[in-house]
> 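Sharing a structure with you now.
Chain A is the first sequence line, chain B the second, and so forth, proteins listed ahead of strands; every chain is numbered from 1. It should be emphasised that the depicted structure is a prediction, and the values quoted were computed from it without experimental measurement.
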Amino acid sequence: MPDYNARELMAVAAARKINDGEIVFCGTGISMLAAMAAKHISAPNSIIIFETGAIDSQLEEIPMAVGDPRVMYGASSNTGLADSFALMQNRTTGRHVVGILGAAQIDKFGNLNSTVVGDYAHPKVRFSGSGGAADVASFVDRTIIFMQHERRKFVSKVDYLTSPGWLDGPAGRRRAGLTGSGPSAVISNLAVMGFDADSREMFLEAYFPGTTPQAVLDHMEFSVDLSRARELEPPTAAELKILREIVDPQRLILGG
Amino acid sequence: MPDYNARELMAVAAARKINDGEIVFCGTGISMLAAMAAKHISAPNSIIIFETGAIDSQLEEIPMAVGDPRVMYGASSNTGLADSFALMQNRTTGRHVVGILGAAQIDKFGNLNSTVVGDYAHPKVRFSGSGGAADVASFVDRTIIFMQHERRKFVSKVDYLTSPGWLDGPAGRRRAGLTGSGPSAVISNLAVMGFDADSREMFLEAYFPGTTPQAVLDHMEFSVDLSRARELEPPTAAELKILREIVDPQRLILGG
Amino acid sequence: MLAIDRLHSNQGGMAPTMDTSTEKVMDLHAAVSRFVPDGAHLSIGGFTCNRNPMAAVYELIRQKKTGLHLYAHSNGQGVDELVGSGCVARIEIAYAGTGRFAPTCIRFRKAVESRAVAVEDYSNYQMTLRFLAGAMGVPFMPTRSALGTDIIRRWGFSEQERRSDPRLPDEKLVVMDNPFGAWAETERVVLVPAIRPDVTLLHVQKAGRDGTARIEGLTFADVEQAKAASHVIVTCEELMDAGELRSQPHLNQIPGIIVDAVVHAPHGAYPTACYRYYDYDPAFLNDYLPVLRLRPGLPERLPHRSHGR
Amino acid sequence: MLAIDRLHSNQGGMAPTMDTSTEKVMDLHAAVSRFVPDGAHLSIGGFTCNRNPMAAVYELIRQKKTGLHLYAHSNGQGVDELVGSGCVARIEIAYAGTGRFAPTCIRFRKAVESRAVAVEDYSNYQMTLRFLAGAMGVPFMPTRSALGTDIIRRWGFSEQERRSDPRLPDEKLVVMDNPFGAWAETERVVLVPAIRPDVTLLHVQKAGRDGTARIEGLTFADVEQAKAASHVIVTCEELMDAGELRSQPHLNQIPGIIVDAVVHAPHGAYPTACYRYYDYDPAFLNDYLPVLRLRPGLPERLPHRSHGR
């Protein structure tokens, strides 16, 4: 079995979650690797879009931000924010989008906070804010969330609900007026979490090789069902080769 | 005094009504001549826009329709309908637009019908419909209207109110929620009509050389104030030269 | 997977699908038979005498489509041919006319007067906003256009007809006080409902095999009409490798993923204009009127002159 | 007539004007002093590490502007420099960050934590729609974005502050049932209010002396921000004769009539990127963070490195 680091494992775990024919909404960093890798693994007809206006990017070089001019390379069409988010809100195209998001805090229903720690009016810590995350989480039919697995990040209640997950449970989104579905997976540096089809609560789907279900739980403020947990299948040699030789040969995101 | 035909007189009468620095919304035909002539007569910094998306057209050749590719020539920007009407609805730019319109029927408040004669559900005669006229008449601060002076066209009540004039009087537009002002002039093949600053009712401002106030009235179903009427100053040699040699040397619109 | 494989019925219309495949070229007959059933809600691009998708329109006529529900802002020849050929049952429109040629859209007018088609009137901007709302996936857009007019007061389709047809919104439009007070110097707005056509037909200058499309010159409301639709058929003057178009993605208004069929149809806008390829044909458009008066039953006679199918 | 001659007060803001003249070139000092008074409502173009109007931002800092009300979607370096230099009193924003470099927007964060600036949060699309509403002259736009979240529930400016300030809408946003039933599969929408900035600052690749401007590559929300504003200052890499730009009007997004000042400012987006002219400067952006930590009081030290004013 080949050696790999946590980022490689996370990128592969996410890439495996992308279905053929889907539109992948990418943020900066590891989500780009996952989207690019997916096209070479199991989703050759998936396409990549950016909120900044690039539709069906070919991504020759890895962009350092979604505002990076590199996102335009080989796109089918290239405009601006208004068109890009309209495509996600439109039900013909939007329901085919899988959004890849990250956040500072997540709760058991996959609601995300990327705004503040503490009270909104008197924050202890201020983050960058929603960006397009609240839009994507509102519009598209499913999201995949990247997180660092820490107790202060997997919290019982997010300090500020920036991006809607399943809100307060199965009927939460519908009651709020949201049409798409909520998060389908959380991929952390320790595990892959799913969301129960009935309760919409987070559960442990797979733990990374070298850790245990209990170790994952120790890094969370709330508890989740462990009964369905299995050890994640490590990246194959073929997957790692794609990631290392095609997607990020300079290891800009994969790191040293 | 030089000879001239009714179209030349109408074009000149309208051109004189265009102020410097205004944006002229043009339709097809004689309104284009008026807008082009105005730039050479008294409004060098006026500009011409088309609903089809051309902003600040230079119009080398006379377009035969607002959808004609010729409207794009030398424009500052060229897009589509959404941008063009947004510019008219926006209060920064919209309040500088003078719209030139035409219609099948007009009433004393300058309300226009370009949709049907007879009942809407069972029309005796169907016309082309609003096009952008209702939009322009709703958004901009003033309009100039070209009409053929006939009794069945200057009517007590329009069969269908397509484009708002002053609606039912001075407070009509405000009550309906419209922000701009209504029509400022009607230019026909017999006369120039104004709208009273208080009552917003049509009055005879000037009759064409060769006709009389009473003759104008004979071509209308409703009566108007004649007390302010004067004979229209005929086109000057300079105005006719501009029209004939610069604006429409092939007499495509001016006719034979 | 071809989009056609995923077609299934949805409230009597066609379900929206999306196609990320890279090969969507087919002939006009196939495209129209696959994506335009009788009774489809259809929109066509272009404006008066410019870039009407005439080749596709004539194919609809050849295939004797009936019961179409047509959406148009200012459309000329395309609307008149479809209405005159008996393809259209209902039409929502702002303007029917070609410009200085056959400005009366005579067959449209006659059909409305004889009540052979049901018509509902809007303004150009209202229709544009309705397509934009469809493209954006929202139920309506606000505007001040036509407040106080019969466009607001008179409906072409009755309340009963609307409520019994799930493909029509229950209201023609809704007038509402501004919930933000007088913000934007606006006391009142009219909300115009989104249009979601089953199919939009566009004629463009350049298209790629993957559906990427480039319009040169005026875009009218074509982009909004395409993005609002469940299916899009693009006819083009030049069929190109997608890579060529993708080397300048900022010039492409239509991303390939929203397109279902790409048809190579040189002169596909004739007798209307196609910027940089050909002008409108004034002789044809002038002849149209007297020919129709003489031989109203022969719409297919004319198109043969150009693209001969 | 220069637009400046027509300036007059309007609800404490600057009255919208329009300028059809063909010569709008001035230097940056003149443009900023004329069109950006203290307390102005300002929006700046660009996105994270791309095409921020940095030359204009540094000029605002040099002129020690105070009390600015800033509107931004995802802005990085421009926002952080303005906030860090004490120019900004209030900010409505979706995201403050530069991307992989100085992703924390440290001075913005610190200012919010210490309550040196008042902040109100929206999403990127909401901010885009708010600029679009301003550009379209309507009071609001509808969307489903952020329903059920604290973006809807938590306001940054109090109801009292809103009602006493005619330049702010009375509501942050309004949630409303769809008046068209479930049309467009939507039961509820949030209406986001139009933004009408007093001034928008844009940096573009090419501009004409008449204000006509051409953006190459991603346009972000620059076009909407410009059209929404009462005044527009455009800085450009290349100052061109208007005729050159007008020979390809479909490539120009900004018509000259909405622009008040054109400033020739090569490298005017540095250290952020300007497509086809220069990339972002990773060394500068990496240095920014430690330099700020050491010498937080010296924002003007850095820009000298590039355009040396």
> When you measure from the centre of the six-membered ring of D:Y122, is the NZ or CZ of D:R130 closer than 6.0 Å and no more than 45° off the axis?
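Yes - D:R130 lies over the ring of D:Y122, closer than 6.0 Å to its centre and within 45° of its axis.
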> Which of the residues B:A86, B:G94, B:S76, B:S77 is involved in the greatest number of heavy-atom pairs with chain D at under 4.5 angstrom?
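Looking at each option in turn, the highest pair count goes to B:S76.
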> Given heavy-atom pairs under 4.5 angstrom as the criterion, report whether the side chain, backbone, both or neither of D:I254 touches chain B.
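D:I254 touches chain B through backbone heavy atoms alone.
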> At a heavy-atom distance under 4.5 Å, which candidate from D:G134, D:G137, D:G256, D:P249 has the highest pair count against chain B?
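Top option by heavy-atom pairs under 4.5 Å: D:P249.
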> Taking the side chain from B:Q89 and the backbone from D:M136, do they hold a donor-acceptor pair closer than 3.5 Å?
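At least one qualifying donor-acceptor pair exists.
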> Contact part of D:Q248 toward chain B, heavy-atom cut-off under 4.5 Å: side chain, backbone, both or neither?
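Contact with chain B: none, neither part.
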> Could you label the plane-to-plane angle of the D:H69 and D:H41 rings as parallel, tilted or perpendicular, counting under 30° as parallel and over 60° as perpendicular?
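Plane angle under 30°, so parallel.
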> Under 4.0 Å between a Lys/Arg side-chain N and an Asp/Glu carboxylate O for D:D241 and D:R246?
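Not counted as a salt bridge, because no side-chain N and carboxylate O are separated by less than 4.0 Å.
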> Can you tell me which of B:D83, B:L87, B:D56, B:I55 forms the most heavy-atom pairs within a distance under 4.5 Å of chain D?
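Of the candidates given, the most pairs with chain D belong to B:D56.
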> Please verify the inter-ring angle class for D:F35 with D:H231; under 30° counts as parallel, over 60° as perpendicular, anything in between as tilted.
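D:F35 vs D:H231 ring planes: tilted.
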